[in-house]
Amino acid sequence: MTQSLKGRSVVVTGGSKGIGKGIARVLALSGAKVAIIARHLDQAEAAAAEIGHRAFGVVGDVTSLASIENAFATVAARNGSIDVLCANAGIFPQARLEDMTSDQWDEVVDTNLKGTFHAVKAAVPYLKTSDQGRIVLTSSITGPVTGFPGWSHYGATKAGQLGFMRTACIELAKYGITVNAVMPGNIVTEGLAGLGEDYQKTMAASVPLKRLGTVEDIGYAALYFASKEAGYVTGQTIIVDGGQILPESLEALA
Ligand SMILES: NC(=O)c1ccc[n+]([C@@H]2O[C@H](COP(=O)([O-])OP(=O)(O)OC[C@H]3O[C@@H](n4cnc5c(N)ncnc54)[C@H](OP(=O)(O)O)[C@@H]3O)[C@@H](O)[C@H]2O)c1
């Protein structure tokens, strides 16, 4: 396991729950000083207290550039600067295309895609001063690779994050900042639990490794992209899905 995050200042948006909390925990255990950003400060602070290792919570809403700039200024004041941004905050409410309202579309795009832009834009002034600036996006298999009823807006944002990444990584390369993305399959989180037990059972049955993922499964992939050792890797993705995208038919899983 890499130790290169020792003393590094890390920000995880949406770190109070689920995948973000898993990323925050893995990076904190690797020696990083982790700031957890979420809209509910009490939940961000509770997650930080649970993780320990100098983690702390800061309030911030990725849909507002000013809010996230304030949050990052608070982190930089406390930690000296910011070396690693994990842009993870995201939502996945379901609505079929024929029923979807324009407001529902906007809510998902504003959080997942515009929110990624806000977090990256607000982090760049700090990452530029780091000798090892790293940006790790949480995308998904849904959108870039697969589709699922009810998630046309969500899938568009997750594919959009990868399009954003491929230009951002070129623009930021001159500062030595890398930009990469983790693409999770179905991971057991508070958000996923909200989709119900039937959804989780059906999904687990469609995974060759026969289980849903853990938040730490994603945390370890994020740790690699955040590490010093990944300094020559940029604009890349890693799918962490137990092989879920691979079977060409249900029989292939037998
Ligand atoms: N779970 C999966 O199977 C799965 C699969 C593929 C990709 N993903 C991606 O992984 C990420 C996290 O998903 P999850 O399942 O861990 O979700 P989750 O359990 O619902 O947690 C979402 C986190 O994001 C925060 N958040 C939501 N809106 C925010 C906003 N506007 N500003 C700041 N923070 C915000 C939440 O805190 P507050 O509510 O306090 O703000 C919470 O910390 C998302 O980007 C999602 O698309 C998840």
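Atoms within each ligand, like the ligands themselves, are counted from 1 in listed order.
- Ranking protein heavy atoms by distance to atom 15 (O) of ligand 1, first place goes to Thr189 OG1, 2.6 Å.
- Summarising the geometry, atom NZ belonging to Lys128 is positioned 8.0 Å from atom CD1 belonging to Ile177; distances are rounded to the nearest 0.5 Å.
- Val120 and Val75 fall within a single hydrophobic cluster, where Ile, Leu, Val, Met, Phe, Trp and Tyr side chains are chained together by heavy-atom contacts under 4.5 Å.
- For ligand 1, one of its N or O atoms has an N or O atom of Ile187 under 3.5 Å away.
- Nearest protein heavy-atom neighbour of atom 32 (N) of ligand 1: Val62 N, 2.9 Å.
- Of the candidates Gly20, Gly90, Ala119, it is Gly90 that places a heavy atom closest to atom 22 (C) of ligand 1.
- Protein heavy atom closest to atom 21 (O) of ligand 1, with residue, atom name and distance, is Lys17 CB, 3.7 Å.
- The protein heavy atom nearest to atom 39 (O) of ligand 1 is Arg39 NH2, 2.9 Å.
- Contact annotation: the side chain of Arg166 never approaches that of Val179 to less than 4.5 Å [non-hydrogen atoms, C-beta and beyond].
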- [ ] With side-chain hydrogen bond (donor to acceptor under 3.5 Å, both in side chains) as the test, would you mind laying out the steps for Asp103 and Thr101 before giving the verdict?
- [x] CA-CA 5 Å; Asp103 286 347; Thr101 64; 5.4 Å; no
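- At least one N or O atom of Gly191 sits closer than 3.5 Å to an N or O atom of ligand 1.
- Only the backbone of Ser139 comes within 4.0 Å of ligand 1, judged by heavy-atom distances.
- Near Asn186, meaning under 4.0 Å from any of its heavy atoms, are these atoms of ligand 1: 3 (O).
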Show which side-chain atoms of residues 33-52 pair as donor or acceptor with protein atoms under 3.5 Å away, not counting sequence neighbours.
unit_1	atom_1	unit_2	atom_2	d
Lys33	NZ	Asn79	O	3.3
Glu50	OE1	Lys21	NZ	3.1
Glu50	OE2	Arg25	NH2	2.9

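- The shortest heavy-atom distance from Ala47 to ligand 1 is not under 4.0 Å.
- Using a 4.0 Å cut-off between charged side-chain N and carboxylate O, Lys228 and Asp83 make no salt bridge.
- Contacts between Lys21 and ligand 1, counted as non-hydrogen atom pairs separated by less than 4.0 Å, are absent for every part of the residue.
- Under a 4.0 Å criterion applied to the non-hydrogen atoms of Thr138, ligand 1 contributes the atoms 9 (C), 10 (O), 11 (C), 45 (O).
- Not a single N or O atom of Thr111, backbone or side chain, sits closer than 3.5 Å to an N or O atom of ligand 1.
- Counting the atoms of ligand 1 from 1 in the order shown, those under 4.0 Å from a heavy atom of Asp61 are 30 (C), 31 (N), 32 (N).
- Atom CZ of Phe225 is separated from atom CG of Asn180 by 4.5 Å, given to the nearest 0.5 angstrom.
- Taken to the nearest 0.5 Å, the CG atom of Asn70 stands 8.0 Å off from the OG atom of Ser64.
- Residues Asn88 and Ile23 are in side-chain contact: their nearest non-hydrogen atoms beyond the backbone lie under 4.5 Å apart.
- Rounding to the nearest 0.5 angstrom, the gap separating the CG atom in Leu195 from the CG atom in Asp198 is 11.5 Å.
- Heavy-atom minimum distance, Thr142 versus Lys158: O-CB, 3.3 Å.
- Counting only non-hydrogen atoms, the option in Gly115, Ser140, Ser16 that gets closest to atom 6 (C) of ligand 1 is Ser140.
- If you number the atoms of ligand 1 from 1 as listed, the ones under 4.0 Å from a heavy atom of Gly60 come out as 32 (N), 33 (C).
- Scanning Gly15, Ala89, Ser67, Ala87 for the heavy atom closest to atom 26 (N) of ligand 1 points to Ala89.
- Each of the atoms 38 (P), 39 (O), 40 (O) of ligand 1 lies under 4.0 Å from some heavy atom of His40.
- The shortest heavy-atom distance from Gly194 to ligand 1 is not under 4.0 Å.
- Heavy atoms only, all atoms of each residue included: Ala123 and Leu85 are closest at CB-CD2, 3.8 Å.
- Residue-ligand proximity, Tyr154 to ligand 1, at heavy-atom distances under 4.0 Å covers atoms 6 (C), 7 (C), 8 (N), 9 (C), 46 (C), 47 (O).
- For atom 5 (C) of ligand 1, the closest non-hydrogen atom on the protein side is Gly185 O, 2.9 Å.
- Counting atoms of ligand 1 from 1 in the listed order, those under 4.0 Å from a heavy atom of Leu192 are 3 (O).
- Taking any N or O of Ile19, backbone or side chain, at least one lies under 3.5 Å from an N or O belonging to ligand 1.
- Ligand 1 has no atom lying under 4.0 Å from any heavy atom of Thr13.
- Some N or O of Gly14 is nearer than 3.5 Å to an N or O of ligand 1, by distance alone.
- Between Val182 and Leu137, every side-chain heavy-atom pair lies at or beyond the 4.5 Å cut-off.
- The nearest protein atom to atom 11 (C) of ligand 1, hydrogens excluded, is given as Asn88 O, 3.2 Å; this is a heavy-atom distance.
- Residues Ile19 and Met183 are members of separate hydrophobic clusters, defined by side-chain heavy-atom contacts under 4.5 angstrom among Ile, Leu, Val, Met, Phe, Trp and Tyr.
- Side-chain atoms of Met100 and Ser152, non-hydrogen and from C-beta on, do get closer than 4.5 Å to each other.
- For Thr157 (side chain) and Tyr154 (main-chain N/O), a donor-acceptor pair under 3.5 Å exists by modelled atom type.
- In summary, the atoms of ligand 1 found under 4.0 Å from a heavy atom of Phe92, numbered by their order in the structure, are 13 (O), 14 (P), 15 (O), 17 (O).
- Residue contact annotation: Met183 has no non-hydrogen atom under 4.0 Å from ligand 1.
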